[in-house]
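Numbers here are sequence positions counted from 1. Side-chain atoms are counted along with the backbone in the values below, which use heavy atoms only and exclude waters and symmetry mates. Remember, predicted model here, so these are calculated numbers, not experimental data. Order of listing sets the numbers, starting from 1, for every ligand and every atom in it.
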Amino acid sequence: MTQPAANATTVHRICPLCEACCGLELKVAEGRVISIRGHEEDVFSAGYICPKGVALKDLHEDPDRLRTPLVRRDGRLVEATWDEAFAEIERRLMPLIEQHGRDALGLVLGNPSVHKMGISVYLPRLIRAAGTRNYFSASTLDQMPKQLSSGLMFGHWLSVAVPDIERCDFLLMLGANPAVSNGSMWTVPDFRGKAKALRARGGQLVVVDPRRTETAELASRHLFIRPGGDVYLLLGMVHTLFDEGLVNLKHLAPHVAGLEAVAEATTGHAPERMAPRCGIEAATIRQLARDLARAERAAVYGRIGTCTQSFGTLASWLIDVLNVLTGHLDAPGGAMFPKAAAFQQNSVGRPGSGRGIVVGRHRSRVSGAPEVFGELPAGCMAEEIETPGEGRMRALLTVAANPVLSAPNGRRLAAALEQLDFMVCVDIYLNETTRHADVILPGLSPFEESHYDAAFPQLSHRNHARYSAPVFEAPPGRPAEWEILLRLTGILQGRGAQVDVPWLDDELLKAELARTAGAHADAVMAAVSRYKGPERLLEAALRAGPYGDQFGARPDGLTLAKVKAAPGGIDLGAMQPRIPEVLRTPSGKVELAPALVMADLPRVEAELAQPAPELVVIGRRQVRCNNSWLHNLPTLAKGPFRCTALVHPADAQRRGLQDGAPARITGVNGQSVDAIV
Ligand SMILES: Nc1nc2c(c(=O)[nH]1)N[C@H]1C(S)=C(S)[C@@H](COP(=O)(O)OP(=O)(O)OC[C@H]3O[C@@H](n4cnc5c(=O)[nH]c(N)nc54)[C@H](O)[C@@H]3O)O[C@H]1N2
Ligand SMILES: Nc1nc2c(c(=O)[nH]1)N[C@H]1C(S)=C(S)[C@@H](COP(=O)(O)OP(=O)(O)OC[C@H]3O[C@@H](n4cnc5c(=O)[nH]c(N)nc54)[C@H](O)[C@@H]3O)O[C@H]1N2
Ligand code: SF4
Ligand SMILES: [Mo]
């Protein structure tokens, strides 16, 4: 046991491991972390912490975490200097791009890239410099259907409405397990506490999930649903609202287009017809619709269970259709749009209308899959490498991604990675994916970098601004991740491996300000120049942001110095109504019946004509892991055996499966996993 040192200092930091973004309190002495607990004075998370937050100490000290670049020499990955590693990238990557074009390089961005400030604010520069259409990320394994439906309805890919849980008294939740995941596309630390408070004030939490989850245990009511059955349940509810005269747009009435189209399109979806396919009785579907319509402050929320299924976009759309039809969208206690202090994407441009979103500006070469939000489906990666011909992906750059474990058919992808001419990984571990690389560039420990969440305040149940200074100085000679990304950007721009990183940083910011600040560009550049790197971008974003000091025009407004001076962060209040300001659709309305979505409805009919699938496998998250990583850390490796399959009793009986006995699950691609039933 580590003894608490008398000379320990206390520091605060936001946990970068999941979307809850909890504030942590660390005791530090002699260059070591002694303890980690929740920071009770944090204005947003108020002391909440989960076992992963505690395990950050293990991550920081993990001897397996890479600290030196690795370069493949004679088939083996060996330690190299930073200069050697970048020189190797320039030497091998640039000729491939020159000979075969920009699309010869694939980009793969993984989940942790949105959790690190340095990566999230510098990636756009790297992506622009790469100029490839072969761009993949974890989003297409996860929430893209929600971003698509939100983009089509509200005009921006990042206009995702989240429940205002602290003022809500009826929360209908589908396909989410925040009691374990700690929330997703909805930054809500201590969901458990908030769910209990909701119920204690007489509110209801209704959970729709094929499994009796940890979240279902907290609910007033749990409805088992057949996996993939959400579209039928939700269509049945929408039908009921029209059928029983329960539609009431309230404050949204002047702002909604397409109401009649939705009414017409759902006439055939009576709950009585939908019930067998979702496994929820018609009377229950009707009652759920009535309860939602009659609740004063209510929200419908769906997460990954409603996204990663064949009707992911329809289900995501229907969730917001219900929010709109019952007047709960953009109303206090309903599903609302956050407004972040910095980097808020959906407030750029003229408020109230815009160009909306477009999809399919290009298609993947082999399967012809349309681009969404600039990305191709992660499931297409392997075929883009394997299939010969012009436009073949010959090189790959991954940033914080482990697609061999996290994308479908990892075995095939691993084999494809071996066919690449060159592969670079920006990653902190040697793992299933990075072991195929020619160069690995490791970032710092989270404790050695500053942090400000660029992404998640845009999805937070309450507005706030919080900054974390590095806990420890970076070891000498080690670049931060933003510097790694900038050097790669310089290489991709043809400036060479020896590019002057601070100079490039200045140039890129100047170019950006020329675009965004026009005549004020020089003044803004001067105003933020006391900082460098991500802090400088943050200072600019905070000051120009909705709560900012507008570079002196609003002296009470936020600056980075003010946020830094508040170790528990600054609370910016509950979410406020944002319609019509938030809308970026060309019509300036909430598009209730986007053509792309409506065109998908016949597929529901086609599916209804088929028998229901015989057996469907769904995923299950564990508190003590994080997607494809963290399982090697001692704090998280503890606990009961986790490789278990939970099988519906009827399915188990049909297959002769016994409780506690081993079973093998084989997918359509022939890949199998073993588990204990
Ligand atoms: N079977 C299965 N597949 C899944 C999921 C599942 O639950 N089960 N979940 C899906 C979902 S929702 C998602 S979002 C994706 C996530 O899948 P990925 O996008 O692959 O993300 P992770 O598995 O979280 O981590 C990816 C990599 O980030 C590296 N990493 C960690 N911290 C850092 C850092 O600070 N810097 C850098 N440079 N690298 C770092 C890790 O070493 C790891 O290699 O997986 C999807 N696929
Ligand atoms: N401890 C831990 N926390 C994590 C992660 C982790 O790996 N470990 N990963 C993080 C990431 S990247 C993400 S995206 C989030 C995900 O956050 P959540 O979406 O809250 O997490 P999941 O546990 O995947 O919840 C999905 C739920 O959907 C249910 N489900 C599956 N199929 C269906 C269906 O067809 N219909 C309905 N209605 N439900 C269905 C599952 O049973 C499960 O309970 O978690 C994040 N937090
Ligand atoms: S809930 Fe998420 S953010 Fe909070 S301590 Fe756990 S891993 Fe970190
Ligand atoms: Mo995810």
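The distance from atom CG of L218 to atom CG of L205, rounded to the nearest 0.5 Å, is 7.0 Å. In this structure, CD in E481 is found 9.5 Å from CG in L123, a value given to the nearest 0.5 Å.
Contact detail for V647 and A652: the closest heavy-atom pair is CG1-N, 3.7 Å.
When heavy-atom distances to ligand 2 are checked against 4.0 Å, the residues falling inside are K52, N111, D142, G175, A176, N177, P178, V180, S181, S184, V208, D209, P210, T213, I225, P227, G228, D230, R303, I304, G305, Q309, I618, R621, Q622, V623, C625, N626, N627, ordered by chain and number.
With sequence neighbours excluded, the residues that form a ring-ring contact (aromatic ring centres under 6.0 Å, His included) with H12 are H39. For H269, there are no ring-ring contact (aromatic ring centres under 6.0 Å, His included) partners two or more places apart in sequence or in a different chain.
Counting only N and O atoms by type, the side chains of Y429 and D62 include a donor and acceptor under 3.5 Å apart. There is no side-chain donor-acceptor pair under 3.5 Å between S181 and R621.
Judged purely by atom type and a 3.5 angstrom limit, R462 has no side-chain atom pairing as donor or acceptor with the backbone of E166.
Between F373 and W157, the ring planes lie parallel to each other; the angle is under 30°, not in the 30° to 60° tilted range.
Taking a cut-off of 2.8 Å, the protein N, O or S atoms nearer than that to atom 6 (Fe) of ligand 3 are C50 SG.
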